[in-house]
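Accompanying notes for the structure given below.
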Amino acid sequence: MARPPVSDEELTERYGPHLNEAPPGGWDHGLDPDRTVETHCCFCGQQCGIKLKVKDNEVIGFEPWYEFPFNEGKLCPKGVKRYLQGSHPDRLLHPLERDPSAAGGFRQVGWDRALDRVVSEIRRIQAEHGPDAFAMLSGVSLTNEKSYLIGKFARLALGTANLDYNGRFCMVSAGAGNKKALGVDRAPNPWSDIPLADVVWVAGSNVAETFPITTSYIWRARDRGARLIVQDPRVVPLARTADLFLPVRPGTDSALFGAVLHELIRRDWLDHEFIDEHTVGFDEAAAAVADMTPAWAASITGVAAARIEQAAEWWGTSATGMLLHARGIEQQSKGVDNVLGAINLGLATGKFGKPGCAVSTITGQGNGQGGREQGHKCDQLPGNRDITNPEHRAYVAGVWGCDESEIPGKGLSAEEIIEAIHDGSIKGLLSICFNPLVSAPDSNFTQEALDKLEFYAVIDFFLSESAQHADVVLPGSLHEEDEGTSTSGEGRIIKINAATEPPGEARLDWKILIDIAERLGRRKYFPYESTREIFEELRLASAGGTADYLGVTWERVEAEMGMFWPVPEVGHPGTPRLFEGGKFFHPDGKARFHPIPFRESAEVVDDEYPIWLTTGRVVSQYLSGTQTRRIGALVRQYPEPLCEMHPRLAEQLGVGDCDLVTVTSRRGDMTLPAHVVATIRPDTVFIPYHWPGAKAANQLTNRALDPISRMPEFKVAAVRIAPAAGRRDTTDERDLDLSEGGRDLSLR
Amino acid sequence: MTSHFGDSPVFVIDQSRCIGCEACVQACVECGTHRGQSLIHLETIDRATTTQTAPMVCMHCQDPTCAQVCPADAIKQTEGGIVQSALKPRCIGCSNCVLACPFGVPKYMAELDQMMKCDMCTDRTSEGLKPMCASVCPSEALWYGTREEFAAGRRGELLREFRFGRQDVQTLVYTVVDDVEPGPLDVLTGRARSWLDDPFDLEETAS
């Protein structure tokens, strides 16, 4: 039974999160490194270049990497402090086995015992319940090499169809929309195109907090005179100086995009030549928005018709423009609709395949772009190939040296795997770099599911909240302990370099997987002695697919500071900008318009749950917080979740700033301090999701999935709010000196 | 990285670009000469109504008020005009400088019994590197480069002359304004309405 072995308090005392406050040896220890390693930040999809200072196999600090062209030395606070995840007291140093009688609930065991146990449980469960009863969940903080290896490992070593990845909770709606409309799943343009745009439209992306470096690109466009449009339920920091703000009600983005298309057509702000020559389906898309007037959209979205008309005019009459979208429009049960609605605006005005022109997702996770190309999605094989396509299967089987029939078919998506665990059809799970207890919707349900597992093995470097449920924990490697490549949100393949070696008995992730494969008798498919060998096979496996890495070499990636795929042959320069000359990736070379009628989100407010809830991130925390909740300076910036609400709503509820409120949805409830700010729609509250247990915003969120992308609806739920007894002073560290006042703050 | 035209680099603050991310604060702590201590200020203006935040480094006044009011003569300037932290042997911890600085920059560090302040990362700039905060700042609210580079790439004008009461202050560090000489303000006719006056159109729908 995969229940936590001991109480939360005991687990926390032994395994944290504890706060790392200072570099190895303390602040006074000096900063005299043995060497400096050029690598990248381990966090978001921007993958900023950074130099890590290394002494005695420990990272002791950082130096800006000015020469790396994407960020030219810039870093957000997470990037500055990322080095403090190393040399951390919570670091897992030995294999562990669940043991309620041991201090902290786990006993230290040898690698052989741990691996043998994992393999015997895989075999038992698969013998009793079939191969798909054992599932694997992976993460896209992992390199391309590991992502590729995991896709192959699950299919050929575990022999399960049920492998999926946590990008399913991040940018799959964008990927699915891009493939449907454009024939390929990649950001169309390098970020260096943003400054060339005359209008920058940011839809559902709190850029300042989630992609901070991107603000500098947007400012470069504005320095040239570009207009900035921000579409968000909150006046997020980037919106504060925007030329136009579209305060959209959660779950109505496609209505807004539809009304803009309606206006573009009514005013004939269309690129007819582009539509005729390079697209199909315009008439159907136009018919779908025939009645979507700005006045109609105003009643749905809460955005005044005049603002919608203004957005349409700026988008329609600007020679160049970039519409950048992220999780705000994508993490919905109609995330794909929203993305396709946005792409329609780009196609209608010919804003693709030219400098400063694109509708583009901003990929969220570190290797969110590359990780989703290498075949560790439930429906894909390497090179962005389709696991249900016989030709694609045959090609990959040829590279892998297996029979095509040995590759399982399409499996369940991440949330569906959790649901299948809950209903008992999946009995065993291996996860790596995935903390679904915090990051999956409806966390009470997720907890019930994990409790039901007959066997749960985890590969990770800290004991995440999900790993607390594990039967066996295998200590893996940190980002800075292994080398490989990742692919940033721009589609730029970059080189990750190792700064240190795994401490204690911890091992490199890929070696652990190969050890398991060997014990399963499948070593012949995993002959690698280095990650470079994995990459060389990845090149071949991707060749001919849309995400073609054939011409990519580690040497060129380092020398050129990144290469943009596709790179279909050796010597090819790479492809920074897609679709030039209006050539899209569908077989006929044309892009697809899609008719997008408006439909409501899966849950809408009513008398019982009258307030909209939306969730998201803060600048100082990353995703489920497994890493960033262990770094003191980042925790102090925003120590705990707050419920952002407008003063008008606060007055209706009879609460003031810092008063505790209980927020209840159909899934659960949580009590937390109110943060009364006039920067959010009065009908909507916002709660960031980085925390576990009673502080988990995902106790409230809805498991409803997008029918195409299988993305859960993190961004829209209905809640009711009631005052709770008491208040708690909230700290906004911006007013404090982190190095002084911050140290004395007692953390709650 | 800097000077292309023989002009030496300058430090520029554009408060309007600040996104409040605290990268500057976190990076200041990492600076080699005062590791573990942040000497930069990042103020939240009024979070109840706005996300506006404002970073403040030392402006490095030509004739620094902090040094004028120091009874122990502990605050010195370098030849390049950088105003330094109080000399440890001289500082008496009186905090006159903390109170007198028109920009609110010096910090009295009780643990050290010393006033410390931003020295524009002299250790870095002397080696041709940008100061730490201006290196990492994601939005380039804190920026370090030549005036020619600024004029070529950035909107706004550079300002470094201030008047506090009857005190004229000229600084090494520049701020960015729309117009250095805007002329008299016409407060009666007002300005054009912006969406910021009513982000959610509540006034129209209030009734």
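Source: prediction; values computed, not measured. To find a chain, count down the sequence lines: A is the first, B the second, and so on, and within it residues start at 1. Computed from heavy atoms alone, side chains included, the values below leave out hydrogens, waters and symmetry copies.
Figure legend: cation-pi geometry between Arg154(B) and Phe150(B) absent, as NZ or CZ is not positioned both under 6.0 Å from the six-membered ring centre and within 45° of its axis.
Interface remark: Pro682(A) contributes side-chain atoms only to the contact with chain B (heavy atom separation under 4.5 Å). Within the 4.5 angstrom heavy-atom criterion, no atom of Gln46(A) approaches chain B. For Ile60(A), the part lying near chain B is the backbone, with the side chain staying farther off; criterion is any non-hydrogen pair under 4.5 Å. With a 4.5 angstrom heavy-atom cutoff, Asp243(A) touches chain B only via backbone atoms. At a 4.5 Å heavy-atom cutoff, the contact between Pro23(A) and chain B is made by side-chain atoms alone. Contact of His646(A) with chain B is made through the side chain alone, with heavy-atom distances under 4.5 Å. For a residue to count as touching a neighbouring chain, one of its non-hydrogen atoms must lie under 4.5 Å from one of that chain's; by this rule Glu63(A) touches chain B with the side chain only.
A distance of 6.0 Å or more separates the ring centres of Phe211(A) and Phe43(A).
Between the CG atom in Asp178(B) and the OG atom in Ser16(B) there is a gap of 8.0 Å [rounded to 0.5 Å].
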Residue pair Asp198(A), Arg224(A): steps toward the salt bridge (charged side-chain N to carboxylate O under 4.0 Å, His left out) verdict: CA-CA 8 Å; Asp198(A) 292 339; Arg224(A) 284 181 47 255; 3.0 Å; yes

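Using a distance-only test at 3.5 Å, with no hydrogens or angles considered, a donor-acceptor pair links the side chain of Lys107(B) to the main chain of Ser38(B). Judged by distance alone, with hydrogens and angles left aside, the side-chain atoms of Lys117(B) form no donor-acceptor pair with the main-chain N or O of Ile40(B) at under 3.5 Å.
Top candidate by heavy-atom pairs under 4.5 Å with chain B, chosen from Arg307(A), Arg681(A), Glu67(A), Arg222(A), is Arg307(A). The most heavy-atom pairs under 4.5 Å with chain B, out of Leu246(A), Thr214(A), Val235(A), come from Val235(A). With chain B as the partner, the residue from Pro233(A), Pro647(A), Ser216(A) showing the most heavy-atom pairs under 4.5 Å is Ser216(A). Chain A forms the most heavy-atom pairs under 4.5 Å with one residue out of Pro138(B), Gly153(B), Ala23(B), Cys18(B), and that residue is Pro138(B). Contact count against chain B (heavy-atom pairs under 4.5 Å) is highest for Ala242(A) among Ala242(A), Ala22(A), Gly26(A). Comparing Asp28(A), Asn71(A), Leu244(A), Val236(A) by heavy-atom pairs within less than 4.5 Å of chain B, the highest count is held by Leu244(A). Interface check for chain B: of the options Leu634(A), Leu31(A), Ile213(A), Val303(A), the most heavy-atom pairs under 4.5 Å are formed by Leu31(A). Chain A forms more heavy-atom pairs under 4.5 Å with one residue of Ala134(B), Ala141(B), Ser139(B), Ser135(B) than with any other, namely Ser135(B). Each of Glu140(B), His34(B), Arg17(B) has some count of heavy-atom pairs under 4.5 Å with chain A, and the biggest count is that of Arg17(B).
Under 3.5 Å, the side chains of Asp197(B) and Ser194(B) contain no donor-acceptor pair of N or O atoms. Side-chain contact check for Tyr622(A) and Arg617(A): no donor-acceptor pair (N or O, by modelled atom type) lies under 3.5 Å.
The 12-atom threshold is not exceeded at CD of Glu651(A), counting heavy atoms of other residues, nucleotides or ligands nearer than 6.0 Å. Environment of CG in Asp73(B): crowded, with over 12 heavy atoms of neighbouring residues, nucleotides or ligands closer than 6.0 Å.
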